[in-house]
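For the single chain, residues carry numbers from 1 onward in sequence order. Scope of the values below: all heavy atoms of this structure, side chains included, with no hydrogens, waters or symmetry mates. This structure is a prediction, so every number in the text was calculated from the model and none was measured.
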Amino acid sequence: MDTSRLFTAALQLREPWKVESVDFRDGDDGRQELHIGIGFEEGSRFRCPEPGCRQDGCPVHDTRGRVWRHLNFFQYKAFIHAGVPRVTCPEHGVRTVPVPWARPGSGFTLLFEAWAVEMARHLPVSTLAEQVDETDTRLWRFIAHYVGEARDLEDYTGVEAIGIDETSRKGHHYITVVADLVEHDVINVTAGKDSSTVKRFVDDFTAHNGVPGYVRLVTCDMSLGFRKGIRGYLPNAERIVDKFHVVKHANEAVDKVRKAEGRSNGLLKRTKYLWLRNESGLSELQLETKHALMKQRLKTGRACQMRETLQDIYETSRTPAEAWARLHRLCSWMMHSRLEPMKDLARMIRRHWNEILAYFTHPYTNAVLEGVNSVIQNIKRRARGFRNMDYFATMVYLTCGKLDLKAVTA
């Protein structure tokens, strides 16, 4: 088998396309590159590319030379050259014929793009661009194209339970991430963290066959912006304050008590994580130290017991009525504790009483979003931040959404 026939088979070209030349040339950087020339049989006719046109044997009007970057051939950069035919259609006039190895308008072959999109799941695009000796802007252009096409195929019919959470993008700039709590995948990413983010989600949700009126449960933090947006744009949804956010506020209250008491009590020096971690996460020595400190009747010890009681309510309450009674007793204890941070915590729980208790009827949490957030922060660290919101959203969809990329890159 000669070289041209070998590369024709390797590129899976069908008649009338064929490889006409294969040669190595010196590139601009002095390194050799593989250049593959593709042509078509003389006298070939092509189908009119206009959608819906049935003209199947249009003659070639002329050709326009094009070059596409292909997957490397061993250590060599590879390029495909072809004279792209323009045909004359009796109905539509002169039209450019699409080539089978690349998208219209792209400077890369389909195989190169599919490989790069898959690699972008695992590498920062800037690093990938360095490895293939391309600009990251060119790579971002087709990565965003395929992610957008895959999202166009998403269907949110039947989605009833969602989680909403915000995470930082760069500095004080935030994005809001929405996840399907049943399928455990990201379905929307939008800039900001106020009520307008819920509206933008609802617009996108509707465009993907989602029905806002069918959404019955939303887990989120205690943000007033989310609360307003849910009330305005998801009218039938019951809001559930995520239990992890409630426990987080309890941890912050305990630490405030520790800091205030530590100013006058040296026993609390370097004990922060003894009080903030669950006992199952402490070493044997740390556990002994904590139990010894608890016997000292410290304010921090009492605050820690309140936080542990809150966690126990979440873990062991069997009915909403039981949770209501136990949470009521805990709030009363905190209000009479003379510990201002714990009193503030009790007031906050009372302000969001119904939304917190809703968890015990519908035990949904934002655990999936906490996992997504760790992935997002890892993406951000690898890329050293994102100045472009669209690029950031593209990477979140690519890594945390269950997109069917094979449907658009195959």
Side-chain angles (χ1 to χ4, degrees), residues 1-25 27 33-73 76-118 132 134-135 137-154 207 403-410:
M1 182 180 288
D2 62 33
T3 303
S4 295
R5 290 177 61 192
L6 177 65
F7 275 89
T8 297
L11 292 170
Q12 298 181 340
L13 298 179
R14 296 181 180 179
E15 291 184 351
W17 300 102
K18 62 179 182 178
V19 171
E20 295 182 331
S21 65
V22 179
D23 63 288
F24 283 96
R25 307 175 193 170
E33 302 169 343
L34 177 68
H35 290 261
I36 303 168
I38 294 178
F40 52 88
E41 299 287 350
E42 187 175 350
S44 296
R45 289 174 173 265
F46 296 87
R47 186 183 186 89
C48 174
E50 196 70 24
C53 184
R54 296 184 179 181
Q55 295 293 333
D56 208 13
C58 300
V60 175
H61 174 74
D62 61 9
T63 60
R64 299 290 175 89
R66 292 286 309 279
V67 182
W68 297 265
R69 172 75 186 274
H70 190 47
L71 290 172
N72 284 8
F73 180 76
Y76 302 104
K77 292 170 71 173
F79 297 88
I80 287 178
H81 299 252
V84 179
R86 296 198 306 160
V87 296
T88 302
C89 172
E91 184 178 348
H92 298 104
V94 177
R95 292 288 186 273
T96 301
V97 174
V99 297
W101 57 84
R103 287 185 301 113
S106 175
F108 301 92
T109 64
L110 293 170
L111 286 175
F112 184 98
E113 291 179 337
W115 171 81
V117 169
E118 181 58 34
V132 299
E134 290 287 349
T135 65
T137 302
R138 293 191 75 199
L139 300 190
W140 272 120
R141 194 172 293 133
F142 68 73
I143 291 170
H145 167 82
Y146 284 115
V147 169
E149 281 205 335
R151 284 209 73 234
D152 287 343
L153 300 177
E154 292 283 275
L403 300 179
D404 185 7
L405 289 166
K406 288 184 179 179
V408 295
T409 58

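Contact check for Phe7 versus Leu13: no side-chain heavy atoms found under the 4.5 Å cut-off. At a threshold of 4.5 Å between non-hydrogen side-chain atoms, the residues Cys58 and Arg45 do not count as touching. Proximity of Leu11 to His70: side-chain heavy atoms (C-beta onward) are separated by under 4.5 Å at one or more points. By the 4.5 Å heavy-atom criterion applied to side chains, Gln55 and His92 are not counted as neighbours. For the pair Glu15 and Glu41, the minimum side-chain heavy-atom distance is 4.5 Å or more. Considering only heavy atoms from C-beta on, Cys53 comes within 4.5 Å of Glu91 through its side chain. Put simply, the side chain of Ile36 does not reach to within 4.5 Å of the side chain of Phe73, judged on heavy atoms. Using a 4.5 Å heavy-atom threshold, the side chains of Phe108 and Arg141 count as separate.
Scanning both residues, Tyr76 and Leu34, for their nearest heavy atoms gives CB-N, 4.4 Å. Summarising the geometry of Ala150 relative to Val408, their closest heavy-atom pair is N-CG1, 3.9 Å, with the distance given to 0.1 Å. When all heavy atoms of Val97 and Val84 are compared, the closest pair comes out as O-CG1, 3.4 Å. Of all heavy-atom pairs between Val132 and Lys77, the closest is O-CE, 4.5 Å.
Interatomic distance, CZ of Arg66 versus CD1 of Ile80, reported as 12.0 Å (0.5 Å rounding). To the nearest 0.5 Å, atoms CG (Asp404) and CZ (Arg151) are separated by 14.0 Å. Residue Leu111 holds its CG atom at 7.5 Å from CD of Gln12, rounded to the nearest 0.5 Å. The line from CD of Glu149 to CG of Leu403 is 12.0 Å long, rounded to the nearest 0.5 Å. Note that the CZ atom of Arg86 and the CG atom of Asp62 stand 4.0 Å from one another [nearest 0.5 Å]. Once rounded to the nearest 0.5 Å, the distance linking CD of Glu118 with CH2 of Trp115 reads 11.0 Å.
Contacts of Arg54 classified as salt bridge (charged side-chain N to carboxylate O under 4.0 Å, His left out), with partners at least two apart in sequence or in another chain: none. In this view, Asp56 and Arg47 satisfy the salt bridge (charged side-chain N to carboxylate O under 4.0 Å, His left out) rule, not counting sequence neighbours.
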Pair Glu33, Phe24 - check side chain to side chain contact (heavy atoms under 4.5 Å, CB included), show working. CA-CA 5 Å; Glu33 302 169 343; Phe24 283 96; over 6 Å; no
Step by step, would you call Val87 with His61 a side chain to side chain contact (heavy atoms under 4.5 Å, CB included)? CA-CA 5 Å; Val87 296; His61 174 74; 6.0 Å; no
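Other residues, nucleotides and ligands contribute at most 12 non-hydrogen atoms within 6.0 Å of the CZ atom of Arg14.
Between the side chain of Arg103 and the main chain of Glu113, no donor-acceptor pair closer than 3.5 Å is present.
Two rings, from Phe112 and Trp101, have their centers 6.0 Å or more apart.
Partner of Trp68 under the side-chain contact (heavy atoms from CB on, under 4.5 Å) criterion, out of Thr109, Ile38, Leu110: Thr109 alone.
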